[in-house]
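Read through the structure below, which is laid out as structure tokens, and then see the notes.
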Amino acid sequence: MSHPELRKLPSVDRLLHQSAIVAARTQFSHELVVDAARSLLEESRAAIIDQGQPCPAPDELAQTLLARLHAATQPTLQPLINASGVIIHTNLGRAPLSEDAQRAMLLASEGYSNLEYDLAAGRRGSRYLHAVALLRRLTGAEDALVVNNNAGAVLLCLMALAHGRQVIISRGQLVEIGGGFRIPDVLLASGARLVEVGATNRTHLADYQRAIGPETAALLRVHSSNFRQIGFTAEVSLAELAALGRQHELPLIDDLGSGTLLDTARYGLAREPRVQESVQAGATLVTFSGDKLLGGPQAGLIVGRAEEIARLRQHPLTRALRVDKTTLAALAATLSHYLAGQAEQQIPVWRMIAASKEALAARAAGWAARLTEAGLAARVQPGASTVGGGALPGETLPTCLLALPGLPADRMAARLRAGQPAVVARIVDDALCFDPRTVLPEQEELLLAAILAAR
Ligand SMILES: *Cc1c(COP(=O)(O)O)cnc(C)c1O
């Protein structure tokens, strides 16, 4: 205690009696305030002793403590503006929801609901019924089951139908989806044994035929999602696989990944396989994501034959993967848009895909004009948006970017990420660029204000 600066350091009690702290005490629990005060004083003590720093003034300590208390109680999950031009950005929460889907989520969360209650009979019902009629109608499947996410859907199908037995898959489909999700690992976790057939670039029907034996439980096809093979390649069609499965009484599981109900070719993109086509081609079970091209909440959708869906529904893993009521509410609202023929108008993902180049150019030009008026060098330049979400690799949609040349792009990008709301932009040829395609119209004013504040 010989250090003179140390003697100036207040006690926890005295720090807590600073007027700024007294005024803010009601917003935080006593434990949180005391803990934060203690660690702050310990750090200050260490800084004085180890680094010879002076003791901070009492009100400086109080302000630091307040800032830490606010930071500790702020949610880490925060909304942001996606100006990257990647529509289904997995790191940014994938699909923004339609207004109806948002409202449905809010309604389901505000109070009670008939989530697992049969109102007509006045007794227990099933949560798994809510989206079934919609999914059956939209895909033509006999039955449907909704679980937490598509990785869970694939795991459930394999576990329920192939645990301890063999699953046959083409070598070209042993893909890693991202975030470390690899098909061979899911197979392993399900307790199914992997039988790889064919070569990386080419697999034929005879390869599957030869591999079928008494231990075979299922055939699995996985959509390669985020990569594309070109050149000397061959895959067996789903219809051929389905016929083979029927011949040997083996279920065919088709993991579509993104999956889509609408035809992507109508938007100048390559054709992403449609869910209803897989059902039509004879797949026993088809799995796809709720929050990729479907444009809804995070969920894993399984559609297919009634008998196999019934087996899945009874499996204990289904309980572990069950969806929450707000998810079911948002999913049903999203599916209703397809039924109403309003997907392109109402679902943000499809609105973004369908946005015309002229509309995007007009928005970018409007932003550039506003920023130029405010004294910032801004211009409009052609660019490319991508669908993302592991769908349509290498495919782009032509767009118009707002570019801010002449500013240090890295530093500016970092400042925008640190703002409130944060903005995620893209750097193209050293210029910071903003793609209007993924910026929601109601975020435009916030975006311009954020850019001006960050310059
Ligand atoms: C994205 C994807 C998954 C995982 O889906 P989640 O909904 O993210 O769990 C599984 N398989 C394929 C082929 C995918 O593209």
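What's counted below: heavy atoms across the whole structure, side chains too, no hydrogens, waters or symmetry copies. When a ligand or atom number is given, it counts from 1 through the structure's own listing order.
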Relative to the heavy atoms of [X], which atoms of ligand 1 are at a distance of less than 4.0 Å?
X	value
Ala151	4 (C), 5 (O), 6 (P), 9 (O)
His223	13 (C)
Arg94	6 (P), 7 (O), 8 (O)

Should [X] be counted as touching ligand 1, given the test is an N or O pair under 3.5 Å?
X	answer
Ser289	yes
Asp291	no
Gly152	no

Residue-ligand contact Gln298/ligand 1, heavy atom below 4.0 Å = no
query = Any non-hydrogen atom of Val154 lying under 4.0 Å from ligand 1?
reply = no
What do you reckon, is [atom1] of [X] surrounded by more than 12 foreign heavy atoms closer than 6.0 Å?
X	atom1	value
His163	NE2	no
Glu307	CD	no
Arg182	CZ	no

request  = Run the salt-bridge test on Arg123 and Glu116 with the 4.0 Å N-O cut-off and return the result as yes or no.
outcome  = no
query = Hey, is Arg370 close enough to Glu445 for a salt bridge, meaning N to O under 4.0 Å?
reply = yes
inquiry  = Checking side-chain polar atoms at under 3.5 Å, does Glu344 have a donor or acceptor matched by the opposite partner on Tyr267?
reply    = yes
